[in-house]
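Structure record follows, encoded as structure tokens.
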Amino acid sequence: MSATGASDAALPPPPARRRLPRALTNPSVIVGLVVLGIVLVAALAAPLLWTVDPTFLRPRFRLRPPSDVAWLGTDQFGRDVYSRVIYGAQISLFVGFAVATIAVIIGTLIGVVAGYFRMLDMIVMRVMDGIMAIPAILLAIAMVTLSGAGIVTVIVAIVIPEIPRVARLVRSVVLTVREEPYVEAAIGVGTPLPKVLWRHVLPNTIAPLIVQATYICGAAILTEAILSFLGAGIPTETPSWGNIMAEGRQSFQIAPWVILFPGLCVAATVLAINIMGDGLRDTLDPRLARRLGNVG
Amino acid sequence: MSAPVLDIRNLAVALPRGGERPNAVEGINITVRPREIVCVVGESGSGKSVTAFTTMGLLPPVLKPVAGEILLQGEDTLTASKARLRELRGSRMAMIFQEPMTALNPVMPVGDQIAEALDWHDTKLSRAERSARVLALMDDVRLPRPAEMAKAYPHQLSGGQRQRVMIAMALANEPALIIADEPTTALDVTTQAQILKLMRELQARHDSGILFITHDFGVVAEIADRVVVMRRGKLVEEGTADEVLNHPRDPYTRMLIDAVPSAVPPPARPIPDKAPLVTTRDVEKVYGGGVLGGRTVKALDKVSISLRPGETLGIVGESGSGKSTLARCIARFVDPTAGEIRLGDEEIGQKPQRALHPIRRRIQVIFQDPYRSLNPRRTVGQSIIEGPMNYGTSRAEAWERARDLLKLVDMEPAGLDRYPHEFSGGQRQRIAIARALAMQPEVLIADEAVSALDVSVQKQVLELLEDIREKLGLAMLFITHDLRVAARICDSVVVMLNGKVVEAGPSGEVFGNPQHDYTKALFAAAPGHGRFDKAPRAPAAG
């Protein structure tokens, strides 16, 4: 490359705004979006999808295998597994999206503060390291013991260990961007600090955050399922994929469908989200995008 | 005449579909003979690096050679297999890169890296022979105390020493051809002079031919036997160094040579004798230390300068001299450790950041890298109006002024709605100047503002700066490592070394009769010293 620097490789990558539409042509992103879309529509339109009340007990129809009456069979209380799985999607997706959103918002705030205000960095990041060392499952079990099982407890318990991951990511982006001359130029023309952060620093974090959010979402759905399976999650009155499987555990040998179908749903959803995350990463991450498609 | 070591015949390399032109280079014919240095000169986008990388077989996969042949001692490298190319690289051709820090392995002693270059192509050497050869090579490139230095890691060496290591690696197998891609561009001017001298010496002792890629006509004047000038992928002129430099036939070559600023400053401009606008007294900046202790570095050591209204003061020095730190202290991007900085009557050096708001609009900075000094996510207009709006100008008024400013810097006002990536480096630098002027500053700090630009663009931007300082009566602090640029634009010059001012005075005096040894050494090291230093034309009246 010439030192005069105007060659193609020296050009900064196009901003995320123009890379987002390109991400929608990536096959992984499309596959992920389609699967996730199906699950989402199913969850939102649950009452319209030929479901029955998922908590309705029919003791006479216990542990029936899949049939034209109960498409995915019934569980040990005679509840319709199909309806429970569809309604369970509501809980799982809600937990996934809620955890991703909350973790991203709080983590971004902490990351920006740590990345920009160097005095606070040392303290904040050591606290983050400490939080990262707490296993999510143990924290959740402790919190359920203290404040009782419930969806809020589950969300909080999953959010807390995810915050440091977001904070670290945002901090590293901020550390790079704050050295950019355009940030200095903005300070030089008298732009107040909050505006500098909002206009010039934060937009750079959007692309990596979208990618990170998908991973958090997938992990949260999985963690919720594990917690509910362990009995430290959503109470059994509300069906979630985790507690459907937990309840089916005792009768697994005679009625495997009770575990099989929610299990497949968890696997498919988490896989779809992660594939989508990989696809987004490939198209949004400027370093990767440059490596894959740029001219030297 | 001996047979050429490199014979590039009618080479064409295609750009991917949708590029700005169909071929990155086309119709390229270059020959390099043993013991000959052929300089390929061109501005960015001329295809000079593509030519070098094609020869080495190191083109990125999206670029495909579509015509011609590249004969390395008669063997076509374009049709050679990957394995054969790997054999040829290092044994019969070697490359020296621009940035030795990134081209060397940071976790391996440099002696081992040179030995590795030997190993790839000659495994029969015994251990003792090998280390003797490494030391001989290091001695050959004039590295001091080779035995100790062989154990050093790249970060422990200076930039010039690292480049010497790279050259030793290139020489390891006595290649027929060495391709040097801007090998001195990242180096300070005095180091550059030493490396160029070394390459000339080596050329006399080894039989290698050298293909030397550069954008700098000063370097060409220092080192070339023959010169090839490229523009937009095509050859525009070829000839001996003397022919091309002294009697260029092609108008483009002539334009490039004319654009090299003369190191003889033009006659002094009258500067009104007013009270200084910016003064610094004994300014110091110490990095490191702090609560946790640790090593401290004194970036500025009792620096005192003064800048009058309407004057352009050049701060000249090599990397690490503290020139940029001084600029950043005055612009208050960093806090000086001690000393006084005055803007007019006001002391601004010790003001806390939150009290600087009224000061900021009076001092504006133009940065070195036009690709990074504009936020890629914001339109040109948004970038220009940001400052005035911070000081209460209405959006409509700021936008109106931005239109006028773009006209002032010779750009279309329609550009306001476009994004920075749609503009060239020179255009972006004009936008950055417009952004600074939008604040109606009293002092403009240009921190290496033309260093990243091609020489022809550099000339235009310098002319623009000269024009606006006349029109607006601005005081300008001009930070540069390039003496020619300083000579052209500065009324007075301050020469800095290791954080201290070693010489200061009107440009005519400092350039005409340098006093300090360092200043003299710096001037002598300027590439093409004396060659381009015709007396400049008289400045336009007014």
Side-chain angles (χ1 to χ4, degrees), chain A residues 1-20 116-119 121-123 173 176-207 284 286 289-296, chain B residues 15-16 19 24 42-46 48-50 53 59-60 62-63 98 181-182 185-186 213-216 328 331 333 356-358 360-361 363-365 367-369 371-378 383 386-388 390-391 419-421 424-426 432 435-436 438-439 452-455 457:
Chain A
M1 283 315 97
S2 75
T4 41
S7 53
D8 289 332
L11 294 177
R17 195 172 25 75
R18 268 171 293 114
R19 272 181 277 130
L20 262 180
Y116 207 89
F117 304 96
R118 308 297 295 141
M119 309 287 267
D121 183 40
M122 190 68 180
I123 304 160
V173 174
T176 332
V177 175
R178 71 196 296 265
E179 302 295 330
E180 289 291 325
Y182 66 77
V183 172
E184 208 154 63
I187 297 170
V189 295
T191 310
L193 191 57
K195 265 192 190 167
V196 171
L197 292 175
W198 181 252
R199 270 186 200 162
H200 300 286
V201 177
L202 269 181
N204 291 289
T205 62
I206 289 173
L284 294 184
R290 208 182 288 186
R291 214 177 303 152
L292 295 174
N294 227 321
V295 182
Chain B
L15 278 176
E43 300 192 294
S44 45
S46 63
K48 55 191 194 299
S49 284
V50 169
F53 279 87
L59 273 186
V62 287
L63 294 180
Q98 177 175 342
D181 187 11
E182 303 263 8
T185 306
I213 316 287
T214 183
H215 68 282
D216 187 339
R328 293 163 58 79
F333 289 140
L356 288 173
H357 194 68
R360 294 244 179 254
R361 75 171 310 162
I363 303 180
Q364 283 299 303
V365 182
F367 297 88
Q368 170 169 8
D369 186 345
Y371 290 89
R372 291 169 59 203
S373 63
L374 294 165
N375 187 338
R377 289 181 173 79
R378 296 175 70 76
S383 285
E386 180 171 12
N390 288 333
Y391 289 89
Y419 286 88
H421 72 94
S424 71
R435 172 177 61 189
M439 302 293 285
L453 304 175
D454 277 328
V455 61
V457 181

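In this text, all values refer to a predicted model and were calculated from it rather than measured experimentally. In what follows, chains are A, B, ... by sequence order, proteins preceding strands, each numbered from 1.
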Report task. Determine, stepwise, if the pair A/Glu180 / B/Asn375 fulfils side-chain contact (heavy atoms from CB on, under 4.5 Å). Result -> CA-CA 9 Å; A/Glu180 289 291 325; B/Asn375 187 338; over 6 Å; no
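B/Ser383 contributes atom OG, which lies 7.0 Å from atom NE2 of A/His200 (distance to the nearest 0.5 angstrom). To the nearest 0.5 angstrom, A/Tyr182 atom OH is 11.5 Å from B/Arg435 atom CZ.
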Show the atom names and distances, to 0.1 Å, of all donor-acceptor pairs under 3.5 Å that link a side chain in residues 186-194 of chain A to residues at least two apart or in another chain.
{"residue": "A/Thr191", "atom": "OG1", "partner": "A/Ala186", "partner atom": "O", "Å": "2.9"}
{"residue": "A/Thr191", "atom": "OG1", "partner": "B/Glu386", "partner atom": "OE2", "Å": "3.0"}
{"residue": "A/Thr191", "atom": "OG1", "partner": "B/Asn390", "partner atom": "ND2", "Å": "2.8"}

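The only member of B/Arg360, B/Arg372, B/Arg328 that meets salt bridge (Lys or Arg N to Asp or Glu O under 4.0 Å) when paired with A/Glu184 is B/Arg328.
Evaluation of the ring pair (Phe, Tyr, Trp, His ring centres under 6.0 Å) rule for A/Phe117 yields no partner, not counting sequence neighbours.
Contact between B/Ser373 and A/Ala185 at its shortest, heavy atoms only, is O-CB, 4.1 Å.
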